[in-house]
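Here is how names work: the chains are called A, B, and so on, in the same order as the sequence lines, proteins then strands, and each is numbered from 1. Note that the coordinates shown come from a computational prediction; the quantities given were computed from them, not determined experimentally.
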Amino acid sequence: MIGASLPRLGAERLTSGGGRFVADVRVPGMLEAAVLRSPHAHARLVSIDTARARALPGVHAVLTAADVPETAIIPNRVPAPEGTARYLQPAIVRTVARYAGEPVALVVADDRYVAEDALALIEARWEPLPACVSVAAALRPDAPRLFQGTDSNNVATIRMRVGDTDAAFADTPLLIRERFQYPRQTGAALETRGLVAVPPDPAGGELHLLGSTKCIHINRAILAPMFGIPLGALRLTEVDVGGGFGVRGELYPEDILVPLAAMKVGRPVRWIEDRRENLTATNHARQVEHEIEIAFEADGRIRGIRDVIRADIGAYVRTAALVPAEFGAALLPGPYRVPNYACDLWSVVTNKTPAGTLRSPGRPEANFVRERLMDLGAAGLGLDPAEIRRRNLIRPEEMPYDCGTLSFGATTVYDSGDFPALFEELLRRLDYDAARREQAAVRARGIRRGLGLAVYVEKTGLGPFETAQVEARPDGRFTVDTGASSMGPGLENVLAQILGDALGIEATRFDVRHADTAAVESGVGTYGSRGTVTAGNAAHLAAAKLVAEARTRAAERLGVPETDVTYAAGVLAAGARRVTLAELAGERRLAAGASFNVSKITYAGCAVGVVADVDPASGFVRLRRVVVGADVGRAVNPALIEGQFTGGVGFGIGNTMHESLEYDESGQLLSGTLVDYVLPLAEDVPPVESFYQEIPAHTNPLGLRGLGECGNPGLGGAIANAVCDALADLGVELTALPITPPRVREAIRRAAVRTRGPS
Amino acid sequence: MSDRVAVRLSVNGVPREAEVPARLLLSDFLRDHLGLTGTHVGCEHGVCGACTVLVDGASARACLVLAAQADGTEVTTIEGLARDGAPHPVQRAFERHFALQCGFCTPGMIMAAVELLARDPDPSDDAIRTALGGNVCRCTGYLPIVAAIRAAAKPA
Amino acid sequence: MKPAPFVYRRPASVREALDLLATTPDAKLLAGGQSLLPLLNLRLATPPVIVDMGRLGGALDEIRADGGELVIGAAVRTARLERDPLVREHAPLLAVAASHVGHPAIRNRGTLGGTVAHADPAAELPAALRALDAGIVVAGLGGERRVAADEFFLGPLTPALGAAEMVTAVRVPVARPEDRFGFAELARRAGDYAYAGAAVRLALAGGVLRGVRIALLAAGPTPLLARVAMAALEGQAPAGGRLAEAAMLAAERDCDPAGDLHASSQYRREAVGLVTRRALDEALPGYAAGGPS
């Protein structure tokens, strides 16, 4: 069962229109909400008058700061340097708005149409303040401070030091220094965010939030005290989720405002984010600048890396604002031996939408930078890009390998893996040498073809723990609950197949339910490629406990010692006498739960290769093929793995070729629609070949590694390398994404100026 | 000011009559007035394709049509594709070819594919990709969707 | 993202529609809605009254040959332009341009009259109409008038239409045997807004080019005629590097595209050169724009 490409469970429901996403939830008496947002990037709220809005027929309430407790502040949920608390976001603007799009008021009306009418009737008076819309602007000595009582817009500088970079850089045979920029991006899941809040019945009961996701138990623990209710009086229920990608399910202002509104009006309230809100209100991510230098030995081995990273985290430190850059910095050395590494990481607030995690937080940025440097090093030393990588990859006999970096106090130790074998398999599938020959052959016909490689390491199976619970039912089926959330990649299949394997029962008999705080007492959630690793192992442990419990009860019922009872395929037997799990469940509830504690993070080696043609006249890049692979530890469902790879490649292509959230000088988002925030389409994705290694991880009983973020984060480096390779004779260098046709043309023009020299 | 309009139309073969606000979008009419929530709303400005339905057999973005404009038409939504309880071949192909992950774009994708195959029963992969240019999927990388449509065009 | 309230009117005749427009200040005509609905949903347009052209019927849905012209009703949808046999025979440039508009679901709804009246300089059909030297038929309470496409597009989203006027048809000269057409766009993906586009009509008779018209889209405030490039080709043989030179002139002399979020002015100018060359190549296959073969 583990290892079988079983069809996606529950697919018929989604192909027939039977999904139940948050916007599909209907509760009797439900009203709809819309949020008034700051039109200014930085401004003082002088006054707000909601009288005209409240008087509009169909409007039930207008919430402003006066209705929101002072304690309603979005917490940072990772360990953070001292002083970080000064940069947190209140759920609603009290005195100062710090980004265009920050919530100022919330209207509850009969429907969304009327609610939007009412927004236009709220009279807010603003006193605009000077805005910082870039890291450079925010760090100028005379820059306006976003927060009173702080002496800098730099929240913290985190220093990582490994070895002795000064010594490594002295007399190095090759030193490359470059500045790289990675653009601001967001998840842009097809389904926007949303929430339905059902207030407690006056006679008693719970406040019920439908549409929560990602980490509902964590969010419950944050929200209940804000609402002044005990944990047990707050229920969060996940429904179908239209894509997570890291941004969805973090705690946002609306997660506080919408329930407060429901309790104020005493009726259920639904808020569905519209797309324009989605691009300004949901977390942004990724935007960083690297000032980096790398020192090589003459034979291509890396001596050391020195880097200063400045992350533009937007207006506030939200729940996971500090995560991406720190994860990225810790993994910057990637799959290579980097004996000496020094990194200063700045997290700078600016008057833009706050940032957080996005599929593989921090790594696409770091991989882009490092993999470009590897190609620059190869060019500088006259080595083939494949060869310079070979000479630096950490070898299996060096495992476990400690990179020497820390992120949030945790070491970066690769427990096991065979990066060289993975890389050679990538080259074999690319038919690398033949591809190089073909590159030369087509060049003679005027076609500029480039090959681009990237090797990288993904962080998977993040802690702290996960739970799973399995209940045998009298009808022969099983109900499975977990704290992990299901956002689309097939967690249902994974758990059903792992349980089916452990219990000897076909996977289709397991009903894996969406996460609900009412179903499992504790849990963590789905992020950091952790669902399969953490919930999978928890389910595996739960299955063993279920069998043990059933064995005890079967022994009683059959009147034999437990040791005489055997279990196979749902049947407990002692000699010729037998009883099934279903029969035992018919007597009384038969269920078992288990928790899997993550003692170490599981890392996965990954590699990707790209072949692309570039038209220098138009700057158009046509991807011809992508090959991508990773070490999955143990494959639970190969078809789903392929789906994750292909989907990840599509995501990475979007990040690399199209997506950038751009602001104007006053801090207004220019990419505020999907016309301007360009998402990848079918036409963008070339044939993708994926493969996997199975080197069991030592970090968990099943030997699994997570996969959800293995497909996307190498594309930036690999595609940039392919484009630069295709244009190598022109001396083209790409130091920023996305790689749009105008950017390629600009790079060609710059290279022409450089090679002609000052004239 | 909030003008109301009487509309009569057929939705999935069922005659429907309603008096609706003039500004009501067809997408909201289908979802909120008729309870046909299979038509998803992803952008409301005509880019993502999640709300694609067929109006008189031709694909349309339900977010860019007023309910009032649909008066007198025949609308088909994802809920209306099955025949005699059997799913449409495109629906079945999506299930078999792992052509969905989160499933949010799926109804719109399927409606676009149904129109494509009605016009061109044997499209090339390029023709499929181009026809899907108005439908965004953020999960699958599109290749399984293209494979599913190709398979539905040529049932084994 | 829901429209602000409006009063909805659906007149049953052109006359009734014009009466409504005349008596209702700020009324907005709704054709296929593929440009207007996004603006309504974003509340970037909040007209108090919407006049739906969906039931004006009759002539507005017709495509017919009339003397030397093809008359296409304003309500004809883009998808029909792509496939209609009369259009493909008599105005093939329009059919090709239509196939470049947006995506299938957009083409199924959008109309010829709608895109003409919207006067978006990045739109395909207005540029094709300029290349074809088409006439725009405009109805007002005083009757119909014909406006040359060259005179119709005044500025971005600014057609030569009075408040109580509407486009009812477009008249396109029927293609003659010697006519050649080309259409090219540079867009990231099919259906994306183009960096630039070019529509070409010319006649090749007696070995020389006559009646050369090159219209550019996304190259300025309106669909533009590349007059310098056109003059450089008029009366010339299509041989040699003339086509390439004309493309260069189109880029350097005939347009002044503004830069925006997606591309700099410089890039768009380069794009004009590329698409002009491609459109000329398409119109004159066998005469490579790069030089004599």
Is it true that, when you exclude C:E282 itself, more than 12 heavy atoms of the residues, nucleotides or ligands shown sit nearer than 6.0 Å to its CD?
yes
Under 3.5 Å side-chain donor-acceptor pair for B:N12 and B:T76:
no
Which of the residues B:A58, B:G134, B:S59, B:G72 is involved in the greatest number of heavy-atom pairs with chain C at under 4.5 angstrom?
B:S59
Okay, C:R55 and chain B: the region with an atom under 4.5 Å from a heavy atom over there is side chain
With chain C as the partner, which of B:E44, B:H45, B:R129 has the greatest number of non-hydrogen pairs under 4.5 Å?
B:E44
Contacting moiety of B:N135, where chain C heavy atoms sit under 4.5 Å
neither
Under 4.5 Å from any heavy atom of chain B, what part of C:L30 do you find: side chain, backbone, both or neither?
side chain
Is it the case that atom CZ in C:R88 sees more than 12 heavy atoms from other parts of the structure closer than 6.0 Å?
no
Taking every heavy-atom pair that is under 4.5 Å apart, which of B:T130, B:L66, B:V41 has the most such pairs with chain C?
B:L66
Give me the atom names and distance for the closest heavy-atom approach of C:A131 to C:V200.
CB-N, 4.3 Å
Could you tell me how the ring of C:F183 sits relative to the ring of C:H100: parallel (under 30°), tilted (30 to 60°) or perpendicular (over 60°)?
tilted
Can you say whether B:L64 sits under 4.5 Å from chain C via the side chain, the backbone, both, or neither, judging by heavy atoms?
both
When rounded to the nearest 0.5 angstrom, what distance separates CZ in B:R92 from CD1 in B:I110?
12.5 Å
If one checks every heavy atom of B:V47 against chain C at 4.5 Å, the contacting part turns out to be neither
So which part of B:R119 gets closer than 4.5 Å to some heavy atom of chain C, the side chain, the backbone, both or neither?
side chain
Do C:Y193 and C:R188 pair up side chain to side chain, a donor and an acceptor below 3.5 Å, judged on atom types alone?
no
What part of C:R10 gets closer than 4.5 Å to chain B, counting heavy atoms only: side chain, backbone, both or neither?
side chain
